[in-house]
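Comments concern the structure below.
Throughout, protein chains are lettered first and strands after them, A, B, ... in sequence-line order, and every chain is numbered starting at 1.
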Protein chains: 2
Amino acid sequence: MGLRERKKLKTRVALIDAALDLFLEQGYESTTIDQIAAAVDVSPRTFFRYFGSKEDVALAPATDAQDVFLSELHDRPGTESPFTALAQAMRAAVALLRDGEPEDKQRFLKARQVVEATPTIFAGQMRLMLANEQRILEEVARRRGADDLRSQFVTATFTSTIRVGLENCTLEELSDLDGMTKRLEDTFALVDELMVAGWDR
Amino acid sequence: MGLRERKKLKTRVALIDAALDLFLEQGYESTTIDQIAAAVDVSPRTFFRYFGSKEDVALAPATDAQDVFLSELHDRPGTESPFTALAQAMRAAVALLRDGEPEDKQRFLKARQVVEATPTIFAGQMRLMLANEQRILEEVARRRGADDLRSQFVTATFTSTIRVGLENCTLEELSDLDGMTKRLEDTFALVDELMVAGWDR
DNA sequence: GTAGATTATGTCAGTCCATGACAGATGACA
DNA sequence: TGTCATCTGTCATGGACTGACATAATCTAC
């Protein structure tokens, strides 16, 4: 990896960190692009060369996490039922974050705080999840061998499950990964309890 | 109702209609507030006294529809199980639109076209649905006598069901209310098939 | 119906997000 | 080292949105 590429990655991370800190400190709305750029010593124009919008920088960690999830999903064995594969991929993605660089974990949790505290960003996260859902649907349809209403329902149920699990973390003010994992498991268990056997086949 | 109030209502509707027509004709992004305001012969500043943002005017019909739905939900008998009440309220809301003023129906369908054609607005609709979900959750919790994870899950499942149903309308290019109703019924039937008996109690 | 209180509207100035164009700086590579 | 590709800063611009204040319309009481 050349110097240029390393510098770019460094700038990107610096922008995210500076932005998240400012958002947490003084709120998302009252933080300007100029402030973020100044904190990293780049021009405001450069900010927009790294992120398409102010919202994007706040959602960058979530976006990266989704990519990890999708990658894990593709690695799941084909024998697993669709929802099992989704749940396992989720567990794997969380585990990767838990055992990874502390800074990455820190950044991810900070980003979650910002998302929770800012309705605009929260809506943006939904937009992300929906865009992702399209790609998840492909995988579910592949495993079920049918791109129909039922595949859509399985996919939507997974999205809902994650959403409900994360919302509960917010309610209980859980900001650590272990707490998040527990809530997710509770919700997965509820799905198991309320769905008929083989519902996702 | 006084003259002042009537005039305000008229301006509001005129702004929505003008905006939707412009959005459909030349796209949401390339339509400016100035154009919308000019079409109704008001100042751009006045536009923002009626709608908080450009997005809001596109989502106004959806917002109104949600209010109708919530009102119907509160009128459902307490004997119905939570999900049944939700589904029935949805049917009632659609019926009201079908049997109501043709202009209202027209406006609603136009707004749906705009929502479907514009990713930004689509995300905004998700934001709306989530805000609404909070109020739906209250009703579900009341009926179940418990504000717990399961109530959240029932609520989230309903939201997902509606979302999947509407997405299918888009895919099949159904833009009439009857087609929409059919898709929704299909999805409700699927829920009935995949959930264990009494799942929403 | 007229005076005075309320409320809606228009005008103006300003902030901020976002983008295109171009020039200068910096790393890549022969 | 020189040339090329790419990154960055500067400048100018457009469009969303907001606050402040003046004007005009409606409402209310007499």
Anything under 3.5 Å between a protein N or O and an N or O of nucleotides 13-16 of chain C, put it in a table, one pair a line.
none

Mind checking whether Phe158(B) and Phe188(B) have parallel, tilted or perpendicular rings, split at 30° and 60°?
parallel
Is Arg142(A) salt-bridged to Glu139(A), going by a charged N under 4.0 Å from an acidic O?
yes
Is it true that Glu167(A) and Arg183(A) have a side-chain N and a carboxylate O under 4.0 angstrom from each other?
no
Quick note, Val42(A) side chain, CB onward, closest among dG9(D), dA16(D), dT26(D) is dG9(D)
Between dG10(C) and Thr46(B), is there an OP1 or OP2 to side-chain N/O distance shorter than 4.0 Å?
yes
Between the side chains of Asp67(A) and Arg135(A), is the shortest nitrogen-to-carboxylate-oxygen separation below 4.0 Å, so that they form an ion pair?
yes
Take the protein atom CD of Glu55(A) and the nucleotide atom C1' of dA16(D), then report the distance between them rounded to whole Å.
15 Å
On DNA chain D, check which nucleotide each of Asp34(B) and Glu5(B) is closest to and give me the residue with the more 5' one.
Asp34(B)
N-O pairing of Asp64(B) and Arg12(B) below 4.0 Å
yes
State plainly whether the residues Asp200(A) and Arg144(A) are in salt-bridge range, i.e. N to O under 4.0 Å.
no
What is the nucleic acid contact for Tyr50(A), judged by heavy atoms within less than 4.0 Å: base, sugar-phosphate only, or nothing?
sugar-phosphate
Of the options dA18(C), dG10(C), dT26(D), whose atoms approach the side-chain atoms of Leu3(B) most closely?
dT26(D)
Whole angstrom is fine here: how far is it from CD in Gln35(B) over to P in dG15(D)?
8 Å
Gap between atoms CZ and P, on Phe48(A) and dT19(C) respectively (whole Å)
7 Å
Salt bridge between Arg91(B) and Glu72(B), side-chain N to carboxylate O under 4.0 Å?
no
Arg4(B), nearest nucleotide to its side chain (from dA20(D), dC7(D), dT26(D))
dT26(D)
Ignoring the backbone of Arg45(B), work out which of dT10(D), dC17(C), dT11(C) is nearest its side chain.
dT11(C)
Kindly state which residues belonging to residues 6-28 of chain B come within less than 4.0 angstrom of DNA chain C, counting heavy atoms of the residue only, listed by number.
Lys8(B)
Note: Glu172(A)-Lys182(A) ion pair, threshold 4.0 Å (strictly below)
no
I need the CZ-P distance between Phe51(A) and dT19(C), as an integer number of Å.
14 Å
Please lay out, stage by stage, how Thr181(A) and Asp178(A) fare under the test side-chain hydrogen bond (donor to acceptor under 3.5 Å, both in side chains).
CA-CA 5 Å; Thr181(A) 307; Asp178(A) 288 338; 4.9 Å; no
Atom CZ of Phe47(B) and atom P of dT11(C): how far apart are they, to the nearest Å?
17 Å
Check the distance between dT6(C)'s C1' and Arg49(B)'s CZ and give it to me in whole angstrom.
15 Å
